[in-house]
Amino acid sequence: MRNPCRFIIRNYSVVARLSTRLFAQCHVPQAGPQRLDVGHMSTYQGYPHRLDVRHMSTHPPSDEEHFFITTPIFYVNASPHLGHLYSAVTADCLHRYKLLQGFKSKFSTGTDEHGLKIQQAAESAGKDPLIFCTDVSERFKRLFVQCNISYTDYIRTSDPVHRRAVERFWTVLQDKGLIYKGSYEGWYSMQDESFLTPSQVADALDSSGKDIKISLDSGHKVEWMKEENYMFRLSAFRRPLLAWLRGNPGAIQPERFYQDVLQWLQEELPDLSVSRQRSRLQWGVPVPGDPQQTVYVWLDALVNYLTVAGYPDAGHAQWWSSAHHVIGKDILKFHAVYWPAFLLGAGLPPPRTICVHSHWTVGGKKMSKSVGNVVDPVEKSGRFGTDGLRYFLLRQGVPDSDCDYDDGKVLKVLNAELADSLGGLLNRCTAPALNPAQRYPPFCPELFAAGSGGGRATADDRRLLEAVRGLPAVVGRHYEALHAYKALEAVGGCVRLTNGFVQRHAPWKLDRGDEGDRRWLDTLLHVALECLRTYGLLLQPAVPETADRLLCRLGVGPGERSWSALSFLPRARGMACPFEGRALGADCGVLFSRLEPLDTDDRKPKRTLKHA
Ligand code: MSP
């Protein structure tokens with residue numbers, strides 16, 4: 001028989017069939033410390049000794065009902081910037097999509113408040129750390145409310161409930177013999193709260209010309225650190241991590257980041273320091289049983305995902321087994337190496353997927369306070385509108401490579417796609433001049449029939465219908481893969497086709513007094529409104545307010561907006577259309593106001609048309 005451990009790791013689908021109850025039982029930590037045979041572990045083919053392969057065998061099914069999406073929790077040593085909002089909008093879009101699909105979706109975000117740099121930021125602001133953190137945490141919250149980030153859970157690492165989860169998680173790792181008292185000597189970056197090997201640092205000069213060492217990865221200054229603290233046996237997890245990744249090629253997306261992690265795992269992993277001396281770091285969770293030490297801020301921070309899932313209480317498995325993380329590329333190592341190792345160590349399954357996005361730059365440069373190119377999302381959403389900014393980020397943000405932010409580009413994209421193309425289409429098809437009855441007009445199937453006499457539709461028209469009919473599947477696939485830019489591109493393509501359809505048949509030239517023309521006019525409008533209804537439904541995850549305006553204008557009620565309501569043009573398939581003959585909703589003005597070129601005086605784009 002093949003090695004059962006390997007079999008189980010590779011076969012998550014088999015694993016997934018086992019019951020949640022069993023999972024819950026298996027995760028009750030065993031009483032008393034369990035010593036770890038490290039020598040045995042390092043040569044073990046599957047899971048390290050005592051890591052209980054049983055745990056892996058009890059990964060509960062992602063039950064087709066629950067979905068749990070997370071953003072990273074944000075450091076509170078600086079104000080929110082565009083990159084932070086991008087992580088949040090990306091996750092929000094997927095959360096909204098899942099809700100429309102009928103999932104019970106949990107969406108967590110929050111703030112990462114412990115650690116040396118926060119402690120120092122509070123000190124230099126002359127504030128008590130908790131008061132300091134609360135101020136900045138509230139700023140993040142306000143930004144998220146302003147940008148319609150529909151989180152269900154907002155976690156702060158200073159929350160007592162989180163502290164309890166960290167303490168329990170630590171105790172479980174310790175009881176399994178995975179944490180030992182040792183000493184760390186090496187480079188440390190306070191900005192990244194990260195340990196670095198000599199090959200990860202380089203010489204540099206600081207602003208005053210002094211020789212310093214910096215992290216090759218982030219460019220942040222590093223310092224030599226020598227400290228007695230607790231170490232986690234990360235070295236024992238190289239093989240288990242490789243086994244997890246090889247058995248789950250979709251675990252880290254996009255593929256290039258998956259390959260990066262595999263590459264890192266080709267080399268031995270050093271054990272990881274997971275605490276700091278309390279004398280240096282007071283602002284954090286004390287190590288259980290040793291108040292002279294504070295838990296390493298990344299271990300503390302990563303556990304936030306479990307806290308939100310309900311850990312350590314019974315029932316957390318339900319959410320934890322459906323966990324998906326959205327992260328920026330700079331924090332991949334923490335999420336794809338440390339975190340799964342901690343989880344495997346604690347007998348918990350790694351997250352389902354880690355979805356990585358690249359960064360926003362400005363003028364081709366990383367955003368930074370010292371360069372002075374940090375983009376303020378509060379200001380931008382004020383200028384371009386909440387949906388304007390959301391649309392731009394999702395439309396232009398590509399997970400694989402960095403994207404450059406530029407106001408002029410925002411203006412161009414929004415005017416072309418939201419104001420002119422989509423807004424123009426809605427305006428044309430609902431304008432009283434063309435639709436005096438202000439109703440969803442009737443559809444005449446014969447006029448769309450191919451070949452036979454009486455049909456007035458062209459092959460291009462039928463191609464439009466085909467494209468829109470297939471659109472929900474395409475868009476859903478892209479949302480699911482966190483490729484919102486592709487989803488929006490696909491919708492935009494169909495909007496263009498629909499505008500072409502209207503233009504081609506110039507319904508404003510038809511004679512209402514002529515029975516044939518009137519029926520054709522109604523049919524054209526019916527098709528165009530069905531297209532618009534579909535676009536409105538599909539755009540809800542990305543631009544909820546704009547989609548709502550559009551759907552309200554069409555008279556689509558709140559109970560008619562789920563993914564299952566996406567039945568495009570049922571009349572063409574001989575089925576009834578619930579909207580046919582129904583009154584349109586009230587005219588609330590333009591869908592998305594056109595933005596005028598930036599005013600060079602105050603760099604504020606002018607809005608030509610105001611929402612009613
Ligand atoms: N606190 C840690 C995360 C802990 S999660 C357990 C952290 N915080 S952060 O505030 O520095 O970054 C939060 C997120 O913002 C990360 O996903 C990061 O990649 C993202 N961004 C920071 N700058 C960015 C850009 N310029 N562009 C896009 N996202 C970027 O790391």
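Whatever order the structure lists them in is the order used to number ligands and atoms, beginning at 1.
For ligand 1, the atoms sitting less than 4.0 Å from at least one non-hydrogen atom of Ile327 are 17 (O), numbered in the order shown with element in parentheses. Per-residue contacts place Asp112 under 4.0 angstrom from the following atoms of ligand 1 (heavy atoms of the residue considered): 1 (N), 2 (C), 4 (C). When each atom of ligand 1 is checked for a heavy atom of His357 under 4.0 Å away, the hits are 28 (C), 29 (N). Atom numbering of ligand 1 starts at 1 in the shown order; those under 4.0 Å from a heavy atom of Ser358 are 28 (C). Taking every non-hydrogen atom of Ala301 and a distance limit under 4.0 Å, the qualifying atoms of ligand 1 come out as 6 (C). Near Tyr305, meaning under 4.0 Å from any of its heavy atoms, are these atoms of ligand 1: 5 (S), 6 (C). Numbered from 1 in the order shown, with element, the atoms of ligand 1 that lie under 4.0 Å from a heavy atom of Asn304 read 6 (C). Less than 4.0 angstrom separates some heavy atom of His335 from each of these atoms of ligand 1: 5 (S), 6 (C).
Ligand 1 has a nitrogen or oxygen under 3.5 angstrom from a nitrogen or oxygen of His84. Ligand 1 has an N or O atom lying under 3.5 Å from an N or O atom of Asp330, backbone or side chain.
Of the heavy atoms in Ile331, only side-chain atoms (C-beta onward) come closer than 4.0 Å to ligand 1. In His359, the parts holding a heavy atom less than 4.0 Å from any atom of ligand 1 are both the side chain and the backbone. Residue-level proximity to ligand 1 for Trp298 is carried by the side chain, the only part with a heavy atom below 4.0 angstrom. Using a 4.0 Å cut-off between heavy atoms, Thr71 makes no contact with ligand 1 at all. Residue contacts with ligand 1 for His81 involve side-chain atoms from C-beta outward but no N, CA, C or O (heavy atoms, distance under 4.0 Å).
Of the protein's non-hydrogen atoms, Tyr75 CD1, 3.3 Å is the one closest to atom 11 (O) of ligand 1. The protein atom (non-hydrogen) at minimum distance from atom 27 (N) of ligand 1 is Trp360 N, 2.8 Å. In this structure, the protein non-hydrogen atom closest to atom 3 (C) of ligand 1 is Ile73 O, 3.2 Å. Regarding atom 13 (C) of ligand 1, its nearest protein heavy-atom neighbour is Phe74 CD2, 3.4 Å.
Taking the six-membered ring where the residue is Trp, the centroids of His483 and Tyr485 are separated by under 6.0 Å. Remark: aromatic rings of Tyr184 and Phe195 are close, center separation under 6.0 Å. For an aromatic pair to be called close, the ring centres must be under 6.0 Å apart, and Trp360 with Phe392 satisfies this.
Remark: Arg139 CZ to Phe74 CZ distance equals 14.5 Å, nearest 0.5 Å.
Under a 4.0 Å N-O distance rule, the pair Asp400/Arg256 does not qualify as a salt bridge.
Annotation: cation-pi geometry satisfied between Lys141 and Tyr154 (NZ/CZ under 6.0 angstrom from ring centroid, within 45° of ring axis). Remark: Lys117 qualifies as a cation-pi partner of Tyr75 under the 6.0 Å distance and 45° angle criteria applied to the six-membered ring. With a 6.0 Å cutoff to the six-membered ring centre and a 45° limit on the axis angle, Lys127 does not count as a cation-pi contact of Phe132. Cation-pi check for Arg276 over Tyr188 is met; the charged atom lies under 6.0 angstrom from the ring centroid and within 45 degrees of its normal.
Ring orientation note: the planes of Phe334 and Tyr338 are nearly perpendicular, at an angle over 60° on the 30°/60° scale.
For the pair Phe232 and Asp271, the minimum side-chain heavy-atom distance is 4.5 Å or more. For the pair Lys333 and Asp217, the minimum side-chain heavy-atom distance is 4.5 Å or more.
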Check your understanding: Could you walk me through whether Trp320 and Tyr305 pass the ring-ring contact (aromatic ring centres under 6.0 Å, His included) check?
Key -> CA-CA 8 Å; Trp320 182 246; Tyr305 303 130; 7.2 Å; no
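Distances from ligand 1 to the non-hydrogen atoms of Ala78 include no value under 4.0 Å.
Looking at Gly328, Ser87, Gly83 and measuring to atom 25 (C) of ligand 1, the nearest heavy atom belongs to Gly83.
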